[in-house]
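Because only heavy atoms are used, hydrogens play no part in the values below, and waters and symmetry mates are left out as well, while side chains stay in. Both ligands and their constituent atoms are indexed starting at 1 by order of listing.
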Amino acid sequence: MTSNHTLRPATQLVHGGFTRSNFGETSEAIYMTQGFVYDSAEAAEARFRGEDPGFIYARYASPTNDIFEKRMCLMEGAEEARATASGMAAVSAALLCQLSAGDHVVSARALFGSCRWVIDTLLPRYGIESTLVDGRDLANFEAAIRPNTKVFFLESPANPTLEVVDIAGVAKLANQLGAKLVVDNVFATPLMQKPLELGAHVVAYSATKHIDGQGRCLGGVVLSDKAWIDEHLHDYFRHTGPSLSPFNAWTLLKGLETLPLRVRQQTSNAGAVTDFLAEHPAVAKVTYPGRADHPQAEICARQMSGGSTLVAFELKGGKSAAFAMQNALEVVRISNNLGDAKSLITHPATTTHKNLTDEARDELGIAPGMVRLSLGIEDVQDLIEDFDRALSGL
Ligand SMILES: *Cc1c(COP(=O)(O)O)cnc(C)c1O
């Protein structure tokens with residue numbers, strides 16, 4: 001396949017980036033190898049000089065990972081990518097590779113727990129200053145800028161509140177300063193939001209989520225233009241070693257093939273379940289990027305091409321009602337994971353966001369009665385009946 005750029009996403013996700021071996025296999029091969037052999041000492045020298053583009057060592061690059069990286073680039077509209085062992089390896093590499101002591105980062109404060117730890121705890125240990133802002137208002141990013149601001153970071157929609165950030169607006173601020181915007185695009189998936197097209201410089205994914213989508217392996221990926229990867233990520237990645245296992249790259253390739261089918265079903269399930277929850281007397285409020293009552297519906301419509309596979313909602317009965325409902329669910333399982341074929345529900349205040357102070361949780365809107373639901377691909381009627389039963393006992 002050479003002209004993949006003209007193909008549509010669902011086609012690219014099945015065929016893109018595939019170089020077949022001499023055997024002509026239908027499915028991508030798993031190259032579980034650490035290293036590569038050279039025909040001669042001269043060939044080894046040429047490869048190390050960069051005069052011959054072949055592989056050198058699996059920590060740098062390897063054939064199955066290469067297919068995954070190329071396919072992700074086609075999907076994202078990026079020039080280059082590096083596949084990582086987890087989403088956090090992707091996020092931390094995307095930040096650390098381009099920051100030095102004395103630099104400053106501005107980040108939206110509504111973040112996946114580990115992302116928040118990297119920004120507000122890890123970076124300062126290395127002399128990198130960081131400021132967390134309420135990302136719902138673009139003016140807060142602008143007000144936090146310092147002369148040494150080098151990077152902006154955000155998640156949109158954010159975990160677990162599903163609030164959104166104006167990506168094009170932050171990208172514009174970054175460009176005015178010559179700074180870079182890194183977007184964690186996990187919640188939107190590459191199908192529903194294209195941060196690079198909106199002006200972001202770097203996109204990071206936890207491929208563990210929708211890209212695998214079937215609960216099997218961890219993975220991640222960082223995507224950008226060739227100049228940024230060459231200047232910042234290339235050496236960092238080679239020498240710190242966050243590389244993805246080729247077996248997991250293969251698993252993720254199988255995930256990509258069915259990504260549009262799964263995300264379409266999950267989004268449609270999420271819309272229908274949210275509509276049911278919004279009308280239920282035990283529910284205080286729902287937050288869903290696909291609904292007109294989302295507090296930032298206008299930004300959602302501008303930068304996202306669909307709703308979401310996740311919904312956040314709050315029960316009137318607080319924590320005890322949230323626990324009772326979770327315990328009464330029979331189809332939907334209690335898990336802090338997301339993006340899976342199975343519907344999963346979590347109570348952020350006591351799990352993913354338990355390490356935050358009460359004030360930080362209040363600021364973010366993580367109320368005691370709030371739960372985050374990740375929709376799977378089950379029959380939607382079974383999901384609605386599950387909630388109907390679990391809520392009727394409250
Ligand atoms: C899960 C997640 C991560 C971390 O990914 P891992 O694969 O678990 O390391 C980062 N950001 C967001 C938004 C996530 O949901």
Side-chain angles (χ1 to χ4, degrees), residues 65 68 72 81-96 105 107-123 132 135 153-165 167 181-193 195 200 202-223 240-245 247-249 251-252 255-256 259 263 266 270 287 289 304 308-312 335-340 342 344-346 348 351-356 364 366 371-376:
N65 292 31
F68 174 64
M72 284 302 304
R82 293 290 182 275
T84 57
S86 70
M88 284 321 301
V91 169
S92 57
L95 293 169
L96 288 166
V105 177
S107 171
R109 68 188 181 191
L111 295 177
F112 182 71
S114 299
C115 294
R116 184 155 169 149
W117 184 86
V118 168
I119 301 276
D120 75 0
T121 305
L122 183 69
L123 295 183
L132 291 170
F153 182 76
L154 63 90
E155 245 173 67
S156 185
N159 182 28
T161 53
L162 300 176
E163 65 181 53
V164 301
V165 180
I167 297 175
L181 169 59
V182 179
V183 174
D184 177 335
N185 204 40
V186 166
F187 271 48
T189 82
L191 295 167
M192 286 196 269
Q193 182 168 274
V202 182
V203 183
Y205 285 100
S206 165
T208 312
K209 309 296 164 55
H210 305 82
I211 292 175
D212 174 29
Q214 291 153 86
R216 299 165 297 192
C217 71
L218 300 179
V221 60
V222 182
L223 302 112
T240 63
S243 330
L244 180 68
S245 159
F247 184 82
N248 291 350
T251 308
L252 298 173
L256 284 180
L259 182 71
V263 168
Q266 288 170 305
T287 311
M304 297 180 71
S308 172
T309 67
L310 291 112
V311 53
S335 171
N336 47 285
N337 205 356
L338 62 96
D340 201 276
K342 298 176 172 65
L344 302 175
I345 196 161
T346 193
T351 61
T352 54
H353 291 70
K354 78 164 179 27
N355 289 339
L356 296 182
L364 292 174
I366 303 176
V371 291
R372 185 198 75 193
L373 171 66
S374 169
L375 276 301

(request) With rounding to the nearest 0.5 Å, note down the distance linking CD in Glu155 to CG in Asp184. (result) 4.5 Å
(message) The criterion is side-chain hydrogen bond (donor to acceptor under 3.5 Å, both in side chains); which residues satisfy it with Thr208, sequence neighbours excluded?
(response) Ser206
(message) Test of understanding: with side-chain hydrogen bond (donor to acceptor under 3.5 Å, both in side chains), list the residues that count as partners of Gln193, not counting sequence neighbours.
(response) Asn185
(message) Applying side-chain hydrogen bond (donor to acceptor under 3.5 Å, both in side chains), can you list everything that pairs with Asp340, at least two apart in sequence or on another chain?
(response) none
(message) Using the side chain to side chain contact (heavy atoms under 4.5 Å, CB included) definition, which of the options Val91, Val183, Leu181, Val118 pairs with Phe153?
(response) Val91
(request) Using a strict cut-off of under 4.0 Å between a residue heavy atom and any atom of ligand 1, list the qualifying protein residues by chain and number. (result) Ser86, Gly87, Met88, Phe112, Cys115, Glu155, Asp184, Val186, Phe187, Ser206, Thr208, Lys209, Gly219, Leu338
(request) Mark yes or no for whether Asp212, through its side chain, and Cys217, through its backbone, hold a donor-acceptor pair below 3.5 Å. (result) yes
